[in-house]
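I have placed the structure first, in the form of structure tokens, so that the comments after it can refer back to it.
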Amino acid sequence: MAPRVGLSTVSVYPESSAHAFAYASALGYDAVEVMVGIDALSQQTSAIQQLSAHHGVPVSAVHAPCLLFTQRVWGTEPWGKLERSAEMAAALGAEVVVVHPPFRWQKTYARDFVDGIAALEESTGLAFAVENMYPWRASGRGMEMYLPGWDPSSEPYANTTIDLSHAAIARSDPIRMAERLGDRLRHIHLTDGTGSAKDEHLVPGRGSIGAGAFLGHLAKAGFAGEIVVEINTRKCRDTTAREADLRESLEFAREHSVVGTP
């Protein structure tokens, strides 16, 4: 069975999670990934349940609030954030919680992260798919800002996420990373990048990371996890332009034979 193609709610920012479900339904996405963030709706399980039921679009994953700009969403204690994310995912019928590795300054959290993620998976029955990040580049030099590290293939996580925009920043070959991860690769953030120091999250096919070849590799490897479009549409001049980018991203995924045509 081919993987589903979902839409991340962050792909419609500055519009809300409600708009994300509406776009997903109208364009034919198979599911939605909820990015828990500054959008108040994204923090409310009951509101997401109602949106999912109203539009007939299931939730495939919950992205925990572990970004810099969501450091105070659901409190500041990182394990509490992951526990609440798991509770939301379970209530919504999602099997995946997406999580970033800790920042370097979160030393206690980072020290216990690998074992703690394994313990959460054991206690919840959910996949905590740790996402690849990237070295931060300033003045041409890379700074390691994540612990245990930005590359999840270097740690024994049972479930992982590859984000193509992050791979582009790190100048890391996503196909080689997928090969290293093997069946531990559970989740994909489908997007693109040019290799600049900026986290671009381009429409797939508009960058240089080789998104089409990556999807082709997944298809040949029999990848059966979730594929989620996570793009930046903030510069779209209006909703028509945003809808066009979301449609193009969905068509890109299906064109490259990762999922079957509905």
Side-chain angles (χ1 to χ4, degrees), residues 4-27 29-103 106 109 120 124 126-131 133 161 163 165-166 187 189-191 199 201 226 228-243 245-246 249:
R4 295 185 294 186
V5 176
L7 176 65
S8 171
T9 55
V10 77
S11 296
V12 309
Y13 183 82
E15 294 188 273
S16 73
S17 298
H19 293 96
F21 276 92
Y23 282 118
S25 177
L27 295 173
Y29 277 86
D30 301 311
V32 163
E33 176 180 311
V34 177
M35 169 72 83
V36 179
I38 56 177
D39 169 21
L41 285 176
S42 72
Q43 303 172 30
Q44 302 172 37
T45 300
S46 60
I48 298 299
Q49 286 174 321
Q50 292 172 18
L51 287 168
S52 177
H54 175 72
H55 291 286
V57 180
V59 175
S60 60
V62 171
H63 195 309
C66 46
L67 284 69
L68 276 174
F69 67 87
T70 61
Q71 287 295 291
R72 296 190 177 278
V73 173
W74 285 354
T76 57
E77 204 287 304
W79 291 114
K81 292 172 179 279
L82 298 193
E83 289 165 359
R84 288 191 65 173
S85 299
E87 291 169 0
M88 173 181 271
L92 296 172
E95 298 179 354
V96 176
V97 175
V98 179
V99 58
H100 292 183
F103 294 107
Q106 297 175 302
Y109 178 43
L120 276 174
T124 65
L126 299 172
F128 278 75
V130 181
E131 186 169 349
M133 297 306 290
T161 299
D163 180 301
S165 180
H166 298 171
H187 202 72
H189 281 163
L190 178 58
T191 180
D199 194 7
H201 282 274
E226 300 285 349
V228 174
V229 168
E230 189 181 274
I231 60 172
N232 184 345
T233 63
R234 276 172 277 186
K235 293 184 179 180
C236 289
R237 62 186 180 278
D238 53 29
T239 58
T240 299
R242 176 168 293 116
E243 181 176 309
D245 280 358
L246 298 176
S249 299

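Heavy atoms only: backbone and side chains are in, while hydrogens, waters and symmetry mates are out. Starting from 1, each residue takes its place in the sequence as its number.
At least one donor-acceptor pair closer than 3.5 Å links the side chain of T161 to the backbone N or O of A129. When atom types are taken as modelled, the side chain of Q44 and the backbone of A47 share no donor-acceptor pair closer than 3.5 angstrom. A donor-acceptor contact shorter than 3.5 Å links the side chain of S11 to the backbone of I231. Using a distance-only test at 3.5 Å, with no hydrogens or angles considered, a donor-acceptor pair links the side chain of S52 to the main chain of V57. At distances below 3.5 Å, not a single donor-acceptor pair connects side-chain atoms of T45 with backbone N or O atoms of A91. In this structure, the side chain of K81 does not engage the main chain of W74 through any donor-acceptor pair within 3.5 Å. Panel note: side chain R242, backbone C236; no donor-acceptor pair is recorded below 3.5 Å. Between the side chain of S42 and the backbone N or O of G37, at least one donor-acceptor pair lies under 3.5 Å.
Counting heavy-atom neighbours within 6.0 Å of E95 CD, excluding the residue itself, gives a total of 12 or less.
Counting heavy atoms from C-beta on, the side chains of T239 and H19 never come closer than 4.5 Å. Inter-residue side-chain proximity for V130 and P101 is flagged as met; some heavy-atom pair is nearer than 4.5 Å. Inter-residue side-chain proximity for H201 and D163 is flagged as met; some heavy-atom pair is nearer than 4.5 Å. A 4.5 Å side-chain heavy-atom check between Y29 and S249 finds at least one atom pair inside the cut-off. Using a 4.5 Å heavy-atom threshold, the side chains of L67 and M35 count as touching. Here the side chains of L41 and F21 are not in contact, with every heavy-atom distance at 4.5 Å or above.
Rounding to the nearest 0.5 Å gives a distance of 5.5 Å between CG of L92 and CD of Q49. Atom OG of S60 is separated from atom NE2 of H187 by 5.5 Å, given to the nearest 0.5 angstrom. Atom OG1 of T70 sits about 9.0 Å away from atom CD1 of I38, to the nearest 0.5 Å. Rounding to the nearest 0.5 angstrom, the gap separating the OG atom in S165 from the CG atom in L190 is 11.0 Å. Between M88 atom CE and R84 atom CZ the span is 8.0 Å, to the nearest 0.5 Å. How far SG of C66 is from CE of M133: 8.0 Å, rounded to the nearest 0.5 Å.
Contact detail for S85 and P65: the closest heavy-atom pair is OG-CD, 3.6 Å. Scanning both residues, P14 and R234, for their nearest heavy atoms gives CD-CG, 4.2 Å.
Partner of H189 under the side chain to side chain donor-acceptor pair (under 3.5 Å) criterion, out of H63, E226, E33: E33 alone. Checked against Y23 for a side-chain contact (heavy atoms from CB on, under 4.5 Å), the options V12, T9, T233, V32 give a single hit: V12.
Residues S17 and D39 bring a donor and an acceptor atom of their side chains to less than 3.5 Å of each other.
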